[in-house]
Amino acid sequence: MREKLKRLLGGLLGSGILILIVVAVFGLIALVGGNLMVLFGFSYKSTGSLLLYFLTGTLIGLPLEMLITGLSRALYQLGWTNRWQANLLYIPLDTMATFFSFWLADQWMGSVSASSLALWILGLLMAVMTLPVKKETSAK
């Protein structure tokens, strides 16, 4: 009985630490991204509204991001495109999906205001940073 309790508490502690790390990384990305977007016409009332805005935009865009990433990778793995073409297809599609999801989050939240330029730049930066087909390091 005591061993089960130790295992349960260890699992909860490990899960809690992992959740804290994920939240901290997400918060850091949201703060850096939000403050970068301020240069292009983005404004927010509080840090909480900024974090909620990025969380909402990310959750709205998740299905689209998964579809676009999967499409690019599938085209590459099927041999229909090379790595460069798959990533070139991914960049505008992901930029538009990010723009749409964060625009929608902006429409729902009154405590933030994002200009179109800020959303396009956010979308483009996120697309370039998350290219789905990475350069292969090992020979097949």
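Only this structure's heavy atoms are used, side chains among them; waters, hydrogens and symmetry mates stay out. If you're wondering where the values come from, they're calculated on a predicted model, not measured in any experiment.
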Give a yes or no on whether Leu55 and Leu31 share a hydrophobic cluster (residues Ile, Leu, Val, Met, Phe, Trp, Tyr; joining criterion: side-chain heavy atoms under 4.5 Å apart).
yes
Without swapping roles, check the side chain of Arg73 against the backbone of Pro132 for a donor-acceptor pair under 3.5 Å.
yes
All heavy atoms of Met129 vs all of Lys134, minimum pair found to be O-NZ, 4.4 Å
Could you tell me the separation between the CG atom of Leu71 and the CG atom of Leu93, rounded to the nearest 0.5 Å?
7.0 Å
Check Val133 against Ala86 and note the closest heavy-atom contact, atom names and distance.
CG2-CB, 3.9 Å
Arg83 and Leu131, any side-chain heavy atoms less than 4.5 Å apart
no
Can you check whether Leu50 reaches Val112 side chain to side chain, under 4.5 Å on heavy atoms?
no
Using the rule that Ile, Leu, Val, Met, Phe, Trp and Tyr join whenever any side-chain heavy atoms are under 4.5 Å apart, tell me whether Leu59 and Val23 fall into a single cluster.
no
Sidechain-backbone polar pair: Ser49 side chain, Ser46 backbone, donor-acceptor under 3.5 Å
yes
Provide the closest heavy-atom pair for Leu51 versus Gly27 in the form atom of the first, atom of the second, distance.
CD2-CA, 3.8 Å
Could you check whether any side-chain heavy atom of Leu36 comes within less than 4.5 Å of a side-chain heavy atom of Leu125, counting everything from C-beta outward?
yes
Flag the pair Met37 / Leu119 as yes when at least one side-chain heavy-atom distance between them is below 4.5 Å, and no otherwise.
yes
Do Ile29 and Phe54 sit in one hydrophobic cluster, given that two such residues count as connected whenever their side-chain heavy atoms are within less than 4.5 Å of each other, even indirectly?
no
With the side chain counted from C-beta on, respond yes when Tyr90 and Thr130 share a heavy-atom pair under 4.5 Å apart, and no when they do not.
yes
Single-linkage hydrophobic cluster, 4.5 Å side-chain cutoff, Leu89 and Leu78 together:
yes
Any chance you could measure Phe102, atom CZ, to Met109, atom CE, to the nearest 0.5 Å?
11.0 Å
Nearest-0.5 Å distance that lies between atom CD in Glu65 and atom CD1 in Ile60:
12.0 Å
Residue list, side chain to side chain contact (heavy atoms under 4.5 Å, CB included) with Ile17, at least two apart or on another chain:
Leu13, Ile21
Give me each pair satisfying ring-ring contact (aromatic ring centres under 6.0 Å, His included) with a member in residues 111-134, each pair once, sequence neighbours excluded.
Phe99-Trp120
Report whether Trp80 and Ile91 are members of the same hydrophobic cluster (ILVMFWY, side-chain heavy atoms less than 4.5 Å apart, transitive linking).
yes
Can you find a heavy atom in the side chain of Tyr44 that is under 4.5 Å from one in the side chain of Asn35?
yes
Please collect all ring-ring contact (aromatic ring centres under 6.0 Å, His included) contacts where either partner lies in residues 6-41, sequence neighbours excluded, each pair once.
none
Which distance, rounded to the nearest 0.5 Å, do you find between the CH2 of Trp103 and the CH2 of Trp108?
10.0 Å
Please tell me if the side chains of Asn82 and Gln85 come closer than 4.5 Å, counting only heavy atoms from C-beta onward.
yes
Give a yes or no on whether the ring-centroid distance for Phe42 and Tyr53 is below 6.0 angstrom.
yes
Donor-acceptor under 3.5 Å (Thr98 side chain, Thr95 main chain)
no
Look up atom CD1 in Ile121 and atom CG in Leu117, then write down how far apart they are to the nearest 0.5 Å.
4.0 Å
Can you tell me how far the NZ atom of Lys45 sits from the OG atom of Ser113, to the nearest 0.5 Å?
10.0 Å
